[in-house]
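A quick write-up on the structure given underneath.
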Amino acid sequence: KEIKNALSHERVPFVIISGDSEIGDYNIVSIDNYKAAYELTEHLIKNRGYKKIAHITGPLDNNDAILRKKGFYDACKNYGIEVKKNWVMKGDFTKESGEAAALKIIEQKSKPEVIFAGNDMMALGCYNALANSGLKIPRDMGVAGFDDILISRHLNPPLTTVKVHIDELGTIASKILINKMNGENHSVSQKIKVAAELVIRKSC
């Protein structure tokens with residue numbers, strides 16, 4: 001509410017990055033989190049044959065995390081995959097929260113075949129939890145992430161994830177902002193989604 005109120009009175013040109021369109025009629029540039037999460041989950045089901053999939057969410061007051069969770073759920077629903085409630089754990093995008101969530105998942109009697117972590121830092125936490133539990137990736141349990149941070153390709157095994165073109169996001173936002181600063185006002189605010197790219201490696 002505070003942000004919405006501040007923006008409604010702001011006279012300095014601005015562009016919102018990774019914001020929820022419900023915040024108002026503003027220029028918004030964001031990653032297509034929903035589509036990317038859907039396609040990653042679809043890959044796990046269609047191409048890798050997984051039927052027991054867990055998900056570690058980001059903080060659920062975060063728009064990116066909400067959309068990634070929805071993409072995961074919708075893909076599972078459309079392919080007839082049951083999502084067990086105790087296989088969906090809340091994280092906060094940190095390695096520590098991913099490790100804690102993964103430990104809760106693997107301690108259960110009925111275990112999933114793969115964990116889709118809502119970002120790569122939480123996936124890194126999953127690696128730690130599985131290693132400390134004596135489980136091998138992907139032999140005993142697969143792991144997938146989201147973001148394709150630098151360390152992801154250097155993990156053992158390298159992490160299957162979603163590459164976020166954050167540089168493109170910034171470039172588009174900057175161009176919109178410069179146009180606004182130059183007085184090129186558009187009557188309709190732009191809502192631009194930047195596609196993310198599935199990166200298939202050896203973790204699942």
Side-chain angles (χ1 to χ4, degrees), residues 1 3-4 16-94 97-98 100-102 104-105 112-126 141-149 152 159-166 168-169 172-173 189-200 203-204:
K1 289 181 180 179
I3 293 172
K4 290 176 74 171
I16 298 174
I17 294 178
S18 293
D20 188 338
S21 60
E22 293 180 4
I23 200 169
D25 189 24
Y26 304 115
N27 290 298
I28 300 175
V29 184
S30 59
I31 298 297
D32 197 340
N33 286 285
Y34 173 84
K35 183 179 180 183
Y38 186 102
E39 289 179 348
L40 174 56
T41 308
E42 183 178 51
H43 166 72
L44 296 175
I45 298 167
K46 279 183 65 178
N47 301 330
R48 305 304 297 160
Y50 289 115
K51 295 181 179 179
K52 300 177 180 179
I53 309 173
H55 180 51
I56 302 175
T57 76
L60 294 180
D61 58 353
N62 178 285
N63 194 52
D64 292 349
I66 292 168
L67 291 171
R68 291 173 193 182
K69 181 181 178 183
K70 181 169 172 50
F72 163 74
Y73 265 100
D74 285 357
C76 288
K77 180 180 178 181
N78 290 342
Y79 283 93
I81 300 296
E82 179 188 4
V83 179
K84 292 193 175 183
K85 288 184 178 180
N86 56 344
W87 286 353
V88 177
M89 295 286 174
K90 182 181 175 183
D92 62 10
F93 282 157
T94 64
S97 71
K104 289 179 182 177
I105 290 170
E113 301 164 321
V114 62
I115 300 173
F116 168 23
N119 77 341
D120 287 356
M121 288 304 296
M122 294 194 298
L124 183 56
C126 292
M141 192 174 296
V143 178
F146 200 113
D147 285 337
D148 195 30
I149 60 175
S152 300
L159 179 67
T160 290
T161 184
V162 172
K163 183 175 182 62
V164 173
H165 298 284
I166 203 72
E168 184 179 353
L169 196 75
I172 293 171
S189 297
Q190 300 180 71
K191 307 290 190 292
I192 299 173
K193 288 192 179 294
V194 177
E197 175 188 349
L198 181 61
V199 180
I200 300 170
S203 63
C204 57

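Small disclaimer: the values here were computed from a predicted structure and weren't measured. Numbers here simply count residues along the sequence, with the first being 1.
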Can any side-chain N or O of Ser97 pair as donor or acceptor with the backbone N or O of Asp92 at less than 3.5 Å?
-> yes

Note, Tyr50 side chain near Ile81 side chain (heavy atom, < 4.5 Å) | no

Could you state the interatomic distance from CD1 (Ile53) to OH (Tyr79), rounded to the nearest 0.5 Å?
-> 11.0 Å

Can you check whether Ile28 reaches Ile192 side chain to side chain, under 4.5 Å on heavy atoms?
-> no

Count the heavy atoms of every other residue, nucleotide or ligand shown that sit under 6.0 Å from NZ of Lys77, and state whether that count exceeds 12.
-> no

Of all heavy-atom pairs between Cys126 and Ile115, which one has the smallest distance, and what is that distance?
-> SG-CG2, 4.0 Å

If you round to the nearest 0.5 Å, how far is CD1 of Ile105 from CG of Asn86?
-> 9.0 Å

Verify, without hydrogens or angle tests, whether Ser203 (side chain) and Val143 (backbone) share a donor-acceptor contact under 3.5 angstrom.
-> yes

Is there a donor-acceptor pair under 3.5 Å between the side chain of Asn27 and the backbone N or O of Gln190?
-> yes

Can you pull the salt bridge (charged side-chain N to carboxylate O under 4.0 Å, His left out) pairs that have at least one residue in residues 41-54, sequence neighbours excluded?
-> none

Cationic tip of Arg68 above Phe146 ring, under 6.0 Å, 45° of axis | yes

At what distance, to the nearest 0.5 angstrom, does CD1 of Ile166 lie from CD1 of Ile31?
-> 5.0 Å

Where Ala117 and Ala123 come nearest, the two heavy atoms and their spacing = CB-N, 3.5 Å

Rounding to 0.5 Å, atoms NZ (Lys90) and NZ (Lys104) come to a distance of 11.0 Å

Looking only at heavy atoms, the pair that brings Phe116 and Leu44 closest together is CB-CD1, 4.4 Å

Gap separating the CG atom of Asp74 from the OG1 atom of Thr41, nearest 0.5 angstrom | 9.5 Å

Do you know which of Asn119, Asp148, Asp120 makes side chain to side chain donor-acceptor pair (under 3.5 Å) with Thr161?
-> Asp120

Straight-line distance of Trp87 CH2 to His55 NE2, nearest 0.5 Å = 15.0 Å

